[in-house]
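Step one of this worksheet: look at the structure below.
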Amino acid sequence: MTLRVTIWNENRHEQINPAVQKLYPNGLHGAIKDGLDENGDFAITIATLNQPEQGLPDSLLDATDVLIWWGHQAHNEVLDDTVDRVQRRVLDGMGLVVLHSGHHSKIFKRLMGTTANLKWRESTDKERIWIVSPNHPICEGLPEYFEVEREEMYGEHFDIPDPDELVMVSWFTGGEIFRSGLCYHRGRGRIFYFRPGHETYPTYYNPIVRKVIANAVRWAQPLQNGPKPVYGLGFWNKPLEPLPAE
Ligand code: ZN
């Protein structure tokens, strides 16, 4: 089955920063899409903030197996209604892959329940990403560690709930470390947070970064035939086995 992937990008830096425009002439979403195309057979839709319904009408969410999220400067422009609708889909089983500065997106904070604050520095750091769960499906085909030559530094403490699975940890030239590959389960949905991807660096052209995102999409896909619990009055009070007499 071909996975249906929607790449959502706020698409703002690309419009106003010539350096980002030059680096990502087809937008960050364009490079992320090319990386997926290199690593699998995905049916990909591009969605951006300025489109009707902020790029995410119900008709598209209903036809999305995994949603990728890149946002930074326009987090506050994402309407609570959009966040509500995405959250509902995640709880219902849609996968969500949150990239880089998406840590401060409304949807990620909603699903985490914390501030998702962290330390950061835009300088000349190199990022070295260590795989700490080598048997995890997201690590399929990865080396023991890989490096991104220039990246924005994100440092601990990262104010998030303990992840269900910690897959990657980053080290930066300045000495900081950061939990950079995180898996969460919320409702019937799976969420992966992946740290690299600052807009002024060519990170989304890195072949290993691209492979991680493709692996994460496969991992986050919804179960096609999983159980669908039924909640509500009228079910909870009927025992499955006869109860002992009083
Ligand atoms: Zn950044």
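Numbers for residues simply follow the sequence, beginning at 1. In what follows, every heavy atom counts, from backbone to side chain, and hydrogens, waters and symmetry copies are set aside. For ligands, and for the atoms within them, numbers begin at 1 and follow the listed sequence.
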Among E151, E152, H103, find the residue that satisfies the side-chain hydrogen bond (donor to acceptor under 3.5 Å, both in side chains) test when tested with R195.
E151
Between the side chains of Q73 and R12, does any donor sit under 3.5 Å from an acceptor?
no
Which N, O or S atom name in E152 marks its closest approach to the Zn ion (ligand 1)?
OE1
Nearest to the Zn ion (ligand 1) - the N/O/S atom of H100, by atom name:
NE2
Report yes if the side chains of S105 and E10 come closer than 4.5 Å at any heavy-atom pair, otherwise no.
no
Tell me, please, if H72 has any N/O/S atom, main chain or side chain, under 2.8 Å from the Zn ion (ligand 1)?
no
Shortest-distance N/O/S atom, H198 versus the Zn ion (ligand 1)
ND1
Tell me, do P161 and T114 make a side-chain contact under 4.5 Å, heavy atoms counted?
yes
Are the side chains of D62 and R89 in contact, using a 4.5 Å heavy-atom criterion?
yes
Strictly under 2.8 Å, is any N, O or S atom of E122 next to the Zn ion (ligand 1)?
no
